[in-house]
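So that the names make sense, note that chain A is the first sequence line, chain B the second, and so on, each numbered from 1. Hydrogens, waters and symmetry mates play no part in the numbers below; they use all other heavy atoms, side chains included.
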Amino acid sequence: MPKEYNPSVIEPKWQRYWEENKTFRAVDFDPRPKYYILDMFPYPSGAGLHVGHPEGYTATDILARYKRMKGFNVLHPMGWDAFGLPAEQYAIDTGTHPAITTQRNIETFKRQIQSLGFSYDWDREVNTTDPGYYKWTQWIFLQLYHRGLAYVAEVPVNWCPALGTVLANEEVIDGRSERGGHPVIRKPMRQWMLKITAYAERLLEDLDLVEWPESIKEMQRNWIGRSIGAEVDFPVQGHSANIRVFTTRPDTLFGATYMVLAPEHPLVELITTPEQRPAVQAYQEAAARKSDMDRTELAKEKTGVFTGGYAINPVNGKPIPIWVADYVLVSYGTGAIMAVPAHDERDWELARKFGLPIVEVVAGGNVEEAAYTGNGTNVNSANDEVSLNGLETPEAKEKITEWLEAKGIGKKAVNYRLRDWLFSRQRYWGEPFPIVFREDGTPVPLPEEYLPITLPEVESYQPSGTGESPLATIEEWVNTTDPETGHPARRETNTMPQWAGSCWYYLRYLDPKNDQAAWEPAKEKYWMPVDLYVGGAEHAVLHLLYARFWHKVLFDAGLVSTPEPFMRLVNQGMILGFSYRYYTADGRPWSYKEVRLEGESAYVKETGSLANAVYVPLSEVVWRDEKPYHPEYPELELEELTEKMSKSRGNVVNPDDVVREHGADALRLYEMFLGPLEAVKPWNTKTVSGVSRFLARTWRLFFDEQGNFTVTDDPAPDALMRLLHRTIKKVSQDTEAMDFNTAIAAMMTFVNEVTKSPVRPRSVLEPFVLLLSPYAPHLAEELWEALGHKETLAYEPWPTWDEALTVEALITMPVQVNGKVRAQVEVPADADKETVLAIAKDHDRIKAILENKILVKEVVVPGRIVNLVVK
RNA sequence: GCCGAAGUGGCGGAAUGGUAGACGCGGUGGUCUCAAAAACCACUGGGGGCAACCUCGUGCCGGUUCGAGUCCGGCCUUCGGCACCA
């Protein structure tokens with residue numbers, strides 16, 4: 001036996017043992033209760049793992065190991081979300097096939113993940129880029145298609161000229177591409193859309209079925225954005241057309257003094273008068289050229305142009321002018337609004353700017369000064385048939401909606417902010433669609449037996465530039481035949497977005513090698529739903545919403561048995577890194593103290609010059625008097641920031657380095673000891689030594705300096721027994737609640753106490769090894785073996801505690817006078833109030849304080865506190 | 001602007017309405033050593049006092065309570081998300 005704790009020897013040993021014995025194989029249909037614990041699978045990037053990845057993985061691994069010991073049949077799988085832009089970008093730059101890059105990255109990730117001792121069932125590994133996997137992604141797409149949930153549309157999309165591709169809304173941030181920060185403009189293109197809006201209501205309602213953080217549910221609710229109101233038709237003067245609007249404030253209908261159409265609204269053409277046509281067309285063209293960012297930036301000042309046309313306000317018969325303005329979005333509601341300037345801020349601004357009438361219909365504000373958007377009592381709201389005057393807002397809404405319905409010119413309506421899901425990318429490295437187009441452009445879904453439609457080899461990964469994917473250039477792949485008619489047909493050259501593969505991977509884990517079906521129904525029934533899903537909050541909305549949508553479609557198709565896929569969700573908080581920076585301007589460096597920040601820009605205080613921030617990698621920072629300095633300019637003190645880890649900030653911590661220096665068990669423990677799982681917290685490599693010391697101290701409970709085994713079968717002293725049972729209770733409860741940081745603190749206390757004791761009783765140390773095992777599995781297995789066991793401890797029953805042993809016979813109670821602690825008294829744990837009070841009042845200090853005072857009130861909380869109130 | 005989360009020592013953090021600061025890092029002193037590292041032991045929120053102790057202290061202002069980091073009302077700051085959504 002080695003003399004010292006040596007993770008570099010014991011960790012590979014146990015990793016090999018677990019792999020060879022398939023210790024963590026999940027058994028289908030086992031009679032034990034099942035527990036499905038899922039990690040968000042990673043995109044295997046070229047940069048390898050950073051310390052953020054193992055945070056969630058360690059948490060789930062601790063829970064998986066704990067649940068096994070509690071008698072559950074645990075499914076804990078891992079896989080790769082491997083389609084996506086970075087591999088393709090790399091292919092464009094180097095000509096390396098993305099499959100090769102992907103394979104290489106997966107190998108690195110897998111090696112790194114395995115070096116941390118996670119108890120995954122590797123026989124269930126999945127890879128979204130494997131044709132055996134994406135065959136079923138394509139198959140699910142066909143299910144969506146056959147249910148009328150996938151359609152082709154010519155829609156204005158976010159076209160990024162620099163990337164040569166179309167981006168999803170969520171990939172555009174402030175009008176620029178999320179990757180690379182290139183400008184994005186709107187351009188109409190033929191796209192696949194998924195009708196997620198058909199499921200809006202259920203996606204909203206069923207949030208009640210799942211145990212997720214309230215904040216995530218709220219984000220999803222906001223994203224779906226349900227609002228209740230009315231649809232109202234406004235006849236256009238001089239035409240047979242109607243303009244339909246959606247409004248949440250039908251009660252303000254009498255105050256509608258003009259209308260606004262989105263620039264893209266189809267009726268603009270019809271309504272515009274010849275005199276106004278040039279102005280309207282110019283406005284439309286300007287709006288089309290604007291990127292989303294430009295539109296948003298110009299939002300400070302409302303713009304718009306009169307069409308020359310008029311509509312009739314259906315409640316009072318008055319003609320009202322129709323305007324075009326880009327603050328009305330074609331993609332929300334009906335793309336047209338009734339403008340009520342008195343009670344809507346945007347309408348008020350436009351009305352003020354162009355001198356349009358403002359008519360108050362809800363009392364409560366001063367509409368001359370600002371729009372009044374709150375509730376109130378209706379005024380000026382009556383015609384021959386209906387009057388809202390005197391009604392409060394909710395009643396007014398109801399009454400006018402009834403009237404509109406009776407007249408057949410409007411009805412109650414629900415609208416969602418959620419849009420249909422733009423489901424195609426003009427990229428090579430993604431799942432091809434199982435669709436061909438006939439010569440007339442009709443899409444034909446390919447029969448299941450044609451799947452998978454695999455990616456062809458290409459010579460260049462460069463986007464075609466026309467907006468089509470590189471696949472469009474491979475004639476022999478694109479040109480095919482319609483399986484129904486045998487006529488020539490062309491393949492769809494778009495590919496699916498990265499979300500596709502991650503929308504259902506949790507189902508493929510159930511039956512990963514099945515080539516006859518995506519999964520066997522009986523296995524789905526056995527394992528689903530996922531009991532615990534852990535991942536980053538960055539997927540709070542999109543991944544989780546998309547996956548829920550697919551799951552509900554599969555549920556409706558009878559392919560899965562639960563309405564929701566993920567019963568419980570936990571978001572691990574991001575781990576931040578320390579970064580260090582200074583500034584340069586006018587050819588010289590400046591300290592952060594010499595610049596002032598204005599938003600994102602920095603200016604030298606002295607000269608006013610614009611300064612650039614420069615980051616110094618963590619490894620190059622020079623420390624003096626605990627302050628960070630520049631390596632080459634010794635006087636230049638650096639600014640310390642805690643920021644998201646990224647290459648450009650030089651603050652990325654590689655878990656390999658931590659494993660090399662301290663071992664995997666120490667890394668696991670440190671990740672969890674950092675703070676609560678869900679909190680955002682900074683990584684400080686220096687303090688890993690604390691948990692590392694704890695593990696070495698644990699080792700020394702079992703071995704002396706000569707490497708002799710010190711554990712004996714002697715009976716344990718009462719104090720140690722009680723300590724053990726308190727520790728079992730605390731670690732059990734905290735592990736269950738995922739309060740891993742405090743569970744570790746309890747184990748540290750245990751080790752500190754036992755270290756001070758002269759004895760090493762097996763009856764205390766053996767259960768402790770089991771408590772430690774989910775957290776530091778390698779060390780625990782090694783100690784378990786040293787204790788004489790031949791089998792892994794992974795399935796040993798979790799220790800139980802005796803409640804009687806967790807409480808002491810004599811307890812120390814604080815005695816307060818007027819809420820301030822003045823003394824400590826020892827009392828029997830089961831003493832009644834009178835006894836406790838008597839002991840407290842008998843204490844010398846208390847006696848002294850109580851002298852010459854009137855005792856007003858005596859508070860005794862058994863086992864907790866005594867408080868004496870005096871005057 | 002709207003929605004959500006959070007503000008506690010030098011630092012990460014801990015506290016069913018009941019002794020604020022567990023556990024860890026860092027720091028100070030000591031043991032061991034020729035010396036150092038490692039390890040071990042003790043102390044470590046601020047102020048005052050030789051000491052027993054006293055006093056202040058959980059972002060700010062109020063409130064409820066015998067008792068508030070915790071509950072209530074009103075602010076401030078930071079972070080995350082959304083943002084012309086009619």
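With B:G81, B:G26, B:C84 as the candidates, the nucleotide lying closest to the side chain of A:Ser689 is B:G26. Here the side chain of A:Val869 is nearest to one of B:C66, B:A83, B:A86, namely B:C66. With B:C25, B:C82, B:C3 as the candidates, the nucleotide lying closest to the side chain of A:Asn222 is B:C3. Closest approach to the A:Arg697 side chain among B:C40, B:A86, B:C84 is made by B:C40 (side chain taken as heavy atoms from C-beta onward). Taking only side-chain atoms of A:Val328, from C-beta outward, the nucleotide of B:A86, B:A39, B:G4 with the closest atom is B:A86.
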task: Can you check each nucleotide of nucleotides 11-23 of chain B against protein heavy atoms at under 4.0 Å and return B for base, S for sugar-phosphate only, - for none, in 5' to 3' order?
output: -BSS-B-BB--BB
message: What does the 5'-to-3' dot-bracket notation of RNA chain B look like when only Watson-Crick and G-U wobble pairs under 3.5 Å count, and pairs to other strands show as |?
response: (((((((..(((.....[....)))((((((.......))))))((((....))))..(((((..]....))))))))))))....
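Using P as the reference atom, B:C3 and B:C66 are 35 Å apart when rounded to the nearest Å. Rounded to the nearest Å, the gap between the C1' atom of B:A68 and that of B:U19 is 14 Å. A distance of about 15 Å separates the P atoms of B:U44 and B:G10, rounded to the whole Å. The C1' atoms of B:U8 and B:G59 are separated by 10 Å, rounded to the nearest whole Å.
Between the P atom of B:A86 and the CD1 atom of A:Ile322 lies a distance of 22 Å, rounded to the nearest Å. Atom P of nucleotide B:C82 and atom CD of A:Glu538 are separated by 12 Å, given to the nearest angstrom. Between the CG atom of A:Asn415 and the P atom of B:C84 there is a distance of 16 Å, rounded to whole Å. Atoms CG (A:Asn571) and C1' (B:G81) sit 12 Å apart, rounded to a whole Å. Atom NE2 in A:His265 sits roughly 17 Å away from atom P in B:A86 (whole-Å rounding). A straight line from CZ of A:Arg221 to C1' of B:A83 spans 19 Å, rounded to a whole angstrom. For the pair A:Glu218 CD and B:C2 P, the computed distance is 15 Å after rounding to whole Å. Here B:U78 presents its P atom at 16 Å from CD of A:Glu643, a figure rounded to the nearest Å.
Side-chain atoms of A:Phe578 and A:Glu640, non-hydrogen and from C-beta on, do get closer than 4.5 Å to each other. With contacts defined as side-chain heavy-atom distances shorter than 4.5 Å, the pair A:Phe694/A:Leu772 qualifies.
One side chain, A:Thr806 or A:Glu803, offers a donor N or O that lies under 3.5 Å from an acceptor on the other.
For the side chain to side chain contact (heavy atoms under 4.5 Å, CB included) with A:Lys729, the lone residue among A:Arg726, A:His725, A:Gln733 that qualifies is A:Gln733.
Taking the six-membered ring for Trp and thresholds of 30 and 60 degrees, A:Trp699 and A:Tyr5 have ring planes inclined between 30 and 60 degrees apart. The aromatic rings of A:Trp499 and A:His543 sit parallel, their planes meeting at an angle under 30°, below the 60° perpendicular limit.
Looking at every heavy atom in both residues, A:Glu808 comes nearest to A:Arg722 through OE1-CD, 3.6 Å. Smallest separation of non-hydrogen atoms from A:Leu569 and A:Pro213: O-CD, 3.2 Å.
For A:Val51, the side chain to side chain contact (heavy atoms under 4.5 Å, CB included) test picks out A:Ile575, A:Met645, A:Val653, A:Pro655, A:Glu671, A:Trp683, with sequence neighbours left out. The ring-ring contact (aromatic ring centres under 6.0 Å, His included) check on A:Phe254 picks up nothing, with sequence neighbours excluded.
The salt bridge (charged side-chain N to carboxylate O under 4.0 Å, His left out) contacts involving residues 677-689 of chain A comprise A:Glu55-A:Lys681, where partners must be two or more places apart or lie in separate chains.
Using a cutoff of 4.0 Å between basic side-chain nitrogens and carboxylate oxygens, A:Glu349 and A:Arg352 are not scored as salt-bridged.
Take the nearest nucleotide of RNA chain B for A:Thr248 and for A:Lys857: the residue whose nucleotide is more 5' is A:Lys857. In terms of position on RNA chain B, the residue among A:Lys756 and A:Asn818 whose nearest nucleotide sits closer to the 5' end is A:Lys756.
Counting any heavy atom pair closer than 4.0 Å across all strands shown, A:Thr334 reaches no nucleic acid atom.
Listed pair A:Arg700 / B:C40 meets the phosphate criterion, a side-chain N or O lying under 4.0 Å from OP1 or OP2.
For B:G69, the O4'-C1' to base torsion is more than 90° from 0; the nucleotide is therefore anti.
Taking the ring axis of A:Trp212 as reference, the NZ or CZ atom of A:Arg548 stays within 45° of it and closer than 6.0 Å to the ring centre.
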Under 3.5 Å, which N/O atoms of the protein pair with N/O atoms of nucleotides 51-53 of chain B?
residue: B:C53; atom: O3'; partner: A:Arg845; partner atom: NH2; Å: 3.2

